[in-house]
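Structure first, commentary second.
Throughout, a chain's letter reflects where its sequence line sits, starting with A, and its residues are numbered from 1.
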Number of protein chains: 2
Amino acid sequence: MPERKSRKDAVRNREAVLAAADALFARRESSADITMADVASEAGVGKGTLFRAFGDRAGLLRALYEARLEPMRQAVEAGPPPLGPATPPQDRVTALLDAVLCFKLDNRRLALALEESGSGSPYQAEHYEQWHGMLQAVLEQIPGLTDGDFTAHALLAATRADLVEHLAGEERIPRERVRAQFANFVTRILVPGPPQGLTATE
Amino acid sequence: MPERKSRKDAVRNREAVLAAADALFARRESSADITMADVASEAGVGKGTLFRAFGDRAGLLRALYEARLEPMRQAVEAGPPPLGPATPPQDRVTALLDAVLCFKLDNRRLALALEESGSGSPYQAEHYEQWHGMLQAVLEQIPGLTDGDFTAHALLAATRADLVEHLAGEERIPRERVRAQFANFVTRILVPGPPQGLTATE
DNA sequence: CGTAAACCGGACCCAGGGTCCGTATTCTGG
DNA sequence: CCAGAATACGGACCCTGGGTCCGGTTTACG
């Protein structure tokens, strides 16, 4: 077996760092002014350790993010309806997007930090690819819907962390209202236009 | 009058800096690795001058951006149809959003730089407020459309610089195709669902 | 146990944004 | 046209914060 089993102090420290970072983000400090040194000291660990474990700042953020994302991914891939695969496309798209939105609402600060911290566009991130791919696939099962690729992007764009933060954070719009509005928006996209081509656009 | 008419070397240098920055961004260097020192030297000017004129990096970007945005703003506020005020809401929304998209397509690198360069969420930027406000106002003139505020945000989100860059830049989707897809998307939102509630969803 | 590999941590490096201040330029009034 | 004040110039300098390095320590394994 190629894997040598990592040393236990290494794992312990990795956990410590994750926990520390979590804690720091919870303490509503604006993601921007949480320095790597902060995280290290909060975790009771040296900077070297931190960087060896996660590579760089973006790596740390990613690790945190994916840890939190994991449960949801499983629910989507093999869970019960409405998220799981055994749901009719229409409803599943709605459920999927609502889930993403809720996730962003619950993890605003982290998601924000991730998108901000340079690391290139979010569109290269692996998890984005996953969501987009999945969503696109489901969208394309809906009759009368074209451009699944673009549509998936456009819908996901409405759940961008900074937008969510703006709505829920700055404008203080209550969570349920944001969800309702977004659901409404999604529905408009899903429900095909009037049956016969009686509505403009030639 | 409080304004003291600035010295001519000051204005000259301001122009020089703007031009230099423009040039640098044209030279497709990834916005991230254009340093303030670069801009200064390209403009044949000291860093001090540059910072006095624009405050900070974000200030410079903003100045550039708004300069390029100006023509469009006028076209929207008082120009001829389809952008101007004398257009029926439905068509105007489409035109507006297409214009924004085109702008982003034409100024990808700059728009990207602006969104990336920290400076807080784009949602606090003044020009965003303007677009959003305008769009919302027009949207609310369309019968059967609720949540103008949210809808405006969501639609604009689909024109985010990094998304546009991803589509047109990475995925090499031709300009006209992106426009068409987006137009399609917008239309789906504008056209209210089927007249009678005859389409699924209960 | 003994040894080598893996890990630790904090001193250190460096880029880049932003500031400072002595000097040069421009404006104003006489 | 000149003196003096106000303003701008520019590059040396500061400082934060991400990322690296290496001597010393801990752990895994035979």
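Under 4.0 Å is where a charged nitrogen must lie from a carboxylate oxygen, and between B:D38 and B:K47 no such pair does. The pair B:D106-B:R175 meets the salt-bridge criterion, with a side-chain N (NZ, NE, NH1 or NH2) lying under 4.0 Å from an Asp/Glu carboxylate O.
Among the heavy atoms of the strands lying under 4.0 Å from B:T35 are primed sugar atoms or P, OP1, OP2 only; no base atom is included.
The phosphate of D:dG18 has OP1 or OP2 within less than 4.0 Å of a side-chain N or O from A:R57. Considering only side-chain N and O atoms, B:T49 lies nowhere under 4.0 angstrom from the phosphate OP1 or OP2 of D:dA8.
For the pair B:R52 and B:D56, both in contact range of DNA chain C, the more 5′-proximal nearest nucleotide belongs to B:D56. The residue among A:D9 and B:M36 whose nearest nucleotide of DNA chain C lies closer to the 5′ end is A:D9. Position along DNA chain D of the nearest nucleotide to A:G48 versus A:A37 favours A:A37 as the more 5'-ward residue. Toward the 5′ end of DNA chain D lies the nearest nucleotide of B:N13, the other residue of the pair B:N13 and A:K47 mapping further downstream.
Between the CG atom of A:L50 and the P atom of D:dT20 there is a distance of 12 Å, rounded to whole Å. Per the geometry, CZ belonging to A:R14 stands 12 Å off P belonging to C:dC8, to the nearest Å. Here D:dT16 presents its P atom at 18 Å from CD1 of A:I34, a figure rounded to the nearest Å. Per the geometry, CZ belonging to B:F54 stands 18 Å off C1' belonging to C:dT19, to the nearest Å. Straight-line distance from the CZ atom of A:F51 to the P atom of C:dC13: 17 Å, rounded to whole Å. Rounded to whole Å, the distance from NZ on B:K8 to P on D:dC9 is 13 Å. Across the protein-nucleic acid pair, A:R12 atom CZ and D:dT27 atom P stand 7 Å apart, rounded to whole Å. Across the protein-nucleic acid pair, A:D33 atom CG and D:dG18 atom C1' stand 15 Å apart, rounded to whole Å.
Ring-plane geometry between A:H132 and A:H153 is classed as parallel, the angle between the planes falling under 30 degrees on a 0 to 90 degree scale with a further cut at 60. Ring planes of A:F185 and B:F150: perpendicular class, angle over 60° (limits at 30 and 60°).
Side-chain N/O atoms of A:R7 and base N/O atoms of C:dA6 include a donor-acceptor pair closer than 3.5 Å.
Side-chain atoms of B:N107 come within 3.5 Å of backbone atoms of B:F103 as a donor-acceptor pair (strictly under, hydrogens ignored).
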